[in-house]
Every structure is written in structure tokens, then in C-alpha cells.
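Before any comments, here is the structure.
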Number of protein chains: 2
Amino acid sequence: MGTEAVKQAKNINIWLDQLNEESKAAISVDCVIFGYDDESIKILTIESDMPPHLGKRSLIGDLVKKDENLDGAAQRVLETVTGLKGVHIQQVHAFADPGRHPLGRVLTVAYYSLIKIEEYTLTDFKDKGLKWMDIHSLQKMAFDHKEILDASFSLLQRNVRTRPIGFELLPKKFTLQELQSLYEAILGISFDKRNFRRKLRSIDILLDLDEFTEGNAHRPAKLYSFDHKKFKAVSGKKEFNFQI
Amino acid sequence: MGTEAVKQAKNINIWLDQLNEESKAAISVDCVIFGYDDESIKILTIESDMPPHLGKRSLIGDLVKKDENLDGAAQRVLETVTGLKGVHIQQVHAFADPGRHPLGRVLTVAYYSLIKIEEYTLTDFKDKGLKWMDIHSLQKMAFDHKEILDASFSLLQRNVRTRPIGFELLPKKFTLQELQSLYEAILGISFDKRNFRRKLRSIDILLDLDEFTEGNAHRPAKLYSFDHKKFKAVSGKKEFNFQI
DNA sequence: TCAAAAGTGTTAACCCTACACCCATGA
DNA sequence: TCATGGGTGTAGGGTTAACACTTTTGA
């Protein structure tokens with residue numbers, strides 16, 4: 001906060017008064033948890049138990065604790081609900097319209113997070129109405145969560161082409177076809193297989209594992225993983241322009 | 001906020017308790033006010049009057065009022081300090097580290113705003129230490145405002161190439177040279193004059209005013225303005241890809 | 001041997017980049 | 001007439017986009 005508000009202040013008591021009276025609000029984080037299951041983009045949702053939104057699908061969030069920062073709160077929520085630590089998160093937007101929450105003024109900071117859908121373990125939430133929902137099936141949600149979801153997905157679509165984050169949604173080892181299908185699911189467009197592969201080859205951030213898929217009734221596919229070292233090396237170069 | 005926090009709740013009283021006790025904070029907006037003066041990007045700053053940041057340059061912000069939304073609070077701050085309504089604003093990021101503010105927990109939502117530097121009128125703030133600072137001269141600021149400035153400028157650099165917002169920093173009528181210099185100042189790179197003009201021509205969002213600059217000791221330059229109608233028409237097209 | 005997905009090269013169109021000179025004006 | 005910035009076209013290189021067939025495996 002700047003100092004505009006205290007233009008008549010002779011001392012900081014006015015500040016303190018304002019902090020106490022005028023504009024305090026509860027602060028929460030809401031996590032848009034993206035997953036990918038080889039078919040489409042999924043969102044982990046819970047069933048809302050708060051009137052008037054009882055029964056609607058809701059994002060997963062919590063109040064931010066005293067002495068906790070926003071990223072930390074988001075990580076805590078994610079660990080609580082999925083058991084995963086160090087998940088990739090990205091702050092999206094703050095939502096604070098008066099009236100967005102039935103119990104009073106609650107400012108929420110939205111995060112998107114990308115998890116490998118096969119690695120998570122739903123802890124003790126199984127009977128709490130946790131459910132993976134296809135992103136396109138979520139048309140109405142509790143509170144302003146549909147608006148939060150839309151903003152988060154837009155930012156994901158914007159970021160995924162220029163940052164190495166797609167890999168966060170795939171198993172550690174993946175085929176080029178899986179990678180392409182993921183991009184297609186996120187962006188809603190389709191790529192030419194040969195052009196897509198040439199692009200990835202030219203960016204040079206994948207590690208060829210010299211392993212193959214097994215057990216399919218067709219030719220096995222090579223497995224790759226995202227190579228952090230290669231990316232670090234290559235992203236330092238001036239002419240580097242990650243663009244899928 | 002989702003419903004994760006209430007997994008043990010039998011009724012909403014626990015909610016209310018939490019809202020009252022646990023995680024309330026003051027909420028402010030801070031505006032990074034960008035201007036352009038034909039030389040470089042400037043930030044409108046004020047002198048901080050709060051220890052321990054007394055005398056340092058500070059962004060301009062205020063507490064968010066009850067029943068005010070975030071965009072509205074930012075617009076109010078901007079009107080108060082510049083006299084301008086309907087300024088272009090963009091929410092950037094929420095900052096809430098415990099300890100970021102000396103008086104207690106204050107979550108601030110950062111906005112960048114783009115104003116035509118010649119149109120604003122400093123209202124009754126002239127003796128409050130308001131000052132346009134060159135963006136590159138601001139190395140230390142009050143609170144975490146340098147971090148906020150950096151995040152805002154990064155987002156501006158990212159947005160300016162793909163959204164028609166550069167014009168918000170120029171007078172209504174401008175020359176192509178002015179537009180090019182603006183982009184160069186924001187992005188820190190230089191463009192080829194002929195290529196830049198060809199690009200703008202191909203995007204086709206400028207209105208040729210058939211007017212010319214006057215009073216210069218050289219050939220007059222054509223004046224253009226941003227054409228909202230053209231942009232609307234052209235941005236609807238599927239193949240449209242604004243990219244300067 | 002069949003079905004199903006993996007993998008691979010070439011060409012044409014387009015876009016980006018680099019580059020140099022004449023023009024119109026006021027002093 | 002000179003100094004100053006305004007304004008314009010072309011050619012080469014690189015990138016993107018469109019396109020179809022062979023390979024490998026399990027059933």
C-alpha cells in the first residue's frame with residue numbers, strides 16, 4: 001500500500017485506525033488444480049457445503065493463515081488434498097467483489113496448479129465429494145468459481161506455449177504423441193505430427209530415454225522426459241524463443 | 001474460497017469464527033502509473049511518509065473501501081491523484097508476505113495503469129512529493145514496491161506486443177516515429193523503421209488522419225490515431241494475430 | 001495377415017530481416 | 001542551401017504449413 005491514503009496524517013494512528021476499522025477482509029487462496037488423463041483436461045473439484053451454493057462444484061481452497069504467504073498457502077492446500085509437495089503453481093488473479101462470498105468480505109487469490117494425475121493420492125478426502133471434472137463439463141460452479149476457472153485456464157493457455165510447463169501434467173516418461181495430445185487438449189487446436197516433432201527437436205529440451213512403451217498392439221513409441229539441464233542451458237541463449 | 005477449510009464443519013459458525021479470528025487482513029491497491037514523455041518510460045511516485053520507509057519513493061495506493069471492488073479502488077486512486085477517469089488498468093499480482101508492511105498484515109493488489117502524460121492534472125498533490133521518475137532510475141523504493149514495479153513492468157512488456165495498449169501512453173494523435181520510439185522504450189530493443197511501418201500497416205488498426213505535424217525544421221510527419229472500430233473488426237477474425 | 005499407432009522428408013508459401021536513398025520543411 | 005527527421009521497396013534466409021507412406025508390434 002502506498003501513502004496516498006495518509007495525506008492528512010500527522011502520525012500513524014490514523015493508519016492504525018483505518019487498518020482496524022475500514023477495510024479488513026478475510027483472505028483465501030483457491031486452487032484450480034489441472035490434471036490430464038490422455039483424453040482431456042480435468043479439474044479437481046469438491047462439493048460445496050455452504051448455502052446458497054450447497055451441492056455445486058467448488059474449487060479447493062482455504063483461508064490464508066497468519067504468518068503464511070500466498071504461495072505457501074496454495075502449496076499447503078495442494079499437499080493437504082493431494083499429498084503432493086512442490087507442485088507447480090502460478091498465481092492468476094485476485095477476486096474481491098463485495099458480495100462474492102455469502103459470509104462477508106473474502107478476498108481470494110486464485111492459483112492454477114499442474115499435477116501429474118497418476119501420482120496424486122487423495123488423502124482422507126475420498127468421502128468429501130472430491131471429483132475430477134472435465135473442464136468443458138463445468139458450466140456452473142459455486143461462488144464465482146467459474147469465473148476463476150476461466151481466468152486460470154486462459155492464463156494456462158497463454159503460458160503453456162512459451163514456458164516449459166506442459167510436462168508438469170504428464171508422467172515423467174512420456175511419448176511425443178502424448179505430449180502433442182496434451183497441447184492439443186489445452187489449446188483446443190490440432191498440430192501436424194511431423195511439424196510438431198520437428199519443433200520439439202529444434203527446441204532441444206527433451207531427453208531421449210532410449211526406452212519404449214510396451215504391451216500395445218502396435219509399434220512401440222519412444223519415451224522422453226523433460227530435461228531441466230538442457231532447458232537451463234538453452235534458455236540462457238539470447239536467441240532462444242520457446243514457442244510451441 | 002473453497003470448502004476445504006470446513007471439512008469438519010457441521011454448520012457455518014466455524015466459518016464465521018475463522019473469518020473473525022484467523023486470517024483477516026487489510027487490503028489495499030497499489031498503482032504503478034506508467035507515462036511516456038518521448039524519451040523514456042516514467043513512473044508516477046510519491047514520497048513515503050511512513051517509518052521505516054520515510055523519504056523513499058513509493059507507489060500510489062490506498063486501502064480498499066468497504067463495498068468497493070478492486071478495479072474500482074484502483075480507478076478511484078487514479079482519479080484522485082491525476083484527475084483522470086477511465087484510465088486503462090490491469091491487475092498484476094497480489095502481494096501479501098507477512099512483514100511486507102510495518103503496521104501489520106496488509107495484502108496489496110498491484111495494478112499497472114497507462115496514462116497520457118500530457119493530459120493528467122496533478123490535483124492538490126503538488127506539495128505531497130509527487131514526482132515522475134524514470135523507470136531505470138528507481139532502484140530502491142519503499143516497502144516491497146520495487147518488486148511490485150518489476151512485476152508490473154514485466155507484464156506490461158509482455159502485454160504490449162499482443163494487445164493494443166501502447167496507444168494509451170501516447171496523445172490521441174501521434175506519428176509513427178513516436179509509436180516506434182514508445183515500443184522501443186518499453187521493450188528495450190530497437191526496430192527497423194521500414195519493417196515497423198510495414199507491420200503496423202499489415203495489422204491495420206490505425207486511422208490515417210491526413211493531418212501533419214507543424215513547426216518542425218524538417219518534413220512534417222503524418223498523424224495517426226488508434227482506430228477502435230478497425231481493431232474490433234479485425235480482432236474478430238480467426239487468423240488475427242496482433243504481434244508487434 | 002491384419003489392425004493400429006509410430007515414425008519420417010520435401011516443397012511452396014509466407015514472414016522476417018537487413019539495408020540506402022530521396023523528400024519536405026524551417027532556419 | 002543546409003540540416004533534420006520523414007518516408008519508401010526489394011531481395012535473401014528462415015520458418016511455417018501442408019502433405020502420405022512405411023514400420024513395428026500384438027492379436
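Only heavy atoms go into these numbers, but all of them, side chains included; no hydrogens, no water, no symmetry mates. By convention in this document, chain letters (A, B, ...) are assigned in the order of the sequence lines, proteins followed by strands, and residues within each chain are numbered from 1.
Between B:Lys222 and D:dG7, a side-chain N or O to OP1/OP2 separation shorter than 4.0 Å is absent.
Note on residues 185-194 of chain B: no pairs pass salt bridge (charged side-chain N to carboxylate O under 4.0 Å, His left out), not counting sequence neighbours. Among residue pairs with one or both ends in residues 157-167 of chain A, those qualifying as side chain to side chain donor-acceptor pair (under 3.5 Å) are A:Tyr112-A:Asn159, A:Arg158-B:Asn159, A:Asn159-B:Arg158; sequence neighbours excluded. Listed by first then second residue, pairs satisfying salt bridge (charged side-chain N to carboxylate O under 4.0 Å, His left out) with a partner in residues 173-185 of chain B read B:Lys173-B:Glu211, not counting sequence neighbours.
With sequence neighbours excluded, no residue forms a side-chain hydrogen bond (donor to acceptor under 3.5 Å, both in side chains) with B:Tyr224. Residues forming a ring-ring contact (aromatic ring centres under 6.0 Å, His included) with A:His218 (at least two apart in sequence, or on another chain): none. For B:Lys146, the side-chain hydrogen bond (donor to acceptor under 3.5 Å, both in side chains) criterion is met by B:Asp150, not counting sequence neighbours. Taking B:Asp37 as the reference, B:Lys42 meet the salt bridge (Lys or Arg N to Asp or Glu O under 4.0 Å) condition, with sequence neighbours excluded. Residues that satisfy the side-chain hydrogen bond (donor to acceptor under 3.5 Å, both in side chains) test with A:Arg57, not counting sequence neighbours, are A:Thr45. Scanning for side-chain hydrogen bond (donor to acceptor under 3.5 Å, both in side chains) contacts around B:Asp204 gives B:Lys230, with sequence neighbours left out.
When DNA chain C is scanned in the 5' to 3' direction for atoms under 4.0 Å from non-hydrogen atoms of chain A, the outermost contacting nucleotides are C:dA3 to C:dT10.
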* What is the per-nucleotide protein-contact pattern of nucleotides 17-27 of chain D, from the 5' end, where B denotes a base atom under 4.0 Å from a protein heavy atom, S denotes such proximity for sugar-phosphate atoms only, and - denotes neither? -> BBBB--BBBS-
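Counting to the nearest Å, the P atom of D:dT15 and the CD1 atom of A:Ile203 are 12 Å from each other. Between the CD atom of B:Gln180 and the P atom of D:dG5 there is a distance of 14 Å, given to the nearest Å. Distance CG (B:Leu200) to P (D:dG7): 12 Å, rounded to an integer number of Å. Separating the CD atom of A:Gln243 from the C1' atom of D:dT15 is a distance of 12 Å, rounded to the nearest angstrom. The interatomic distance linking B:Phe196 (CZ) with D:dG7 (P) rounds to 13 Å, in whole Å.
Below 30°, between 30° and 60°, or above 60°: for B:Phe226 and B:Phe231 the angle between ring planes is between 30° and 60°, a tilted geometry.
In this structure, the ring of B:Trp132 has its center less than 6.0 angstrom from the ring center of B:Tyr120.
Direction of the helix axis in the helix from C:dT1-D:dA27 to C:dC15-D:dG13 shifts by 20° between the two five-pair termini, rounded to 10°.
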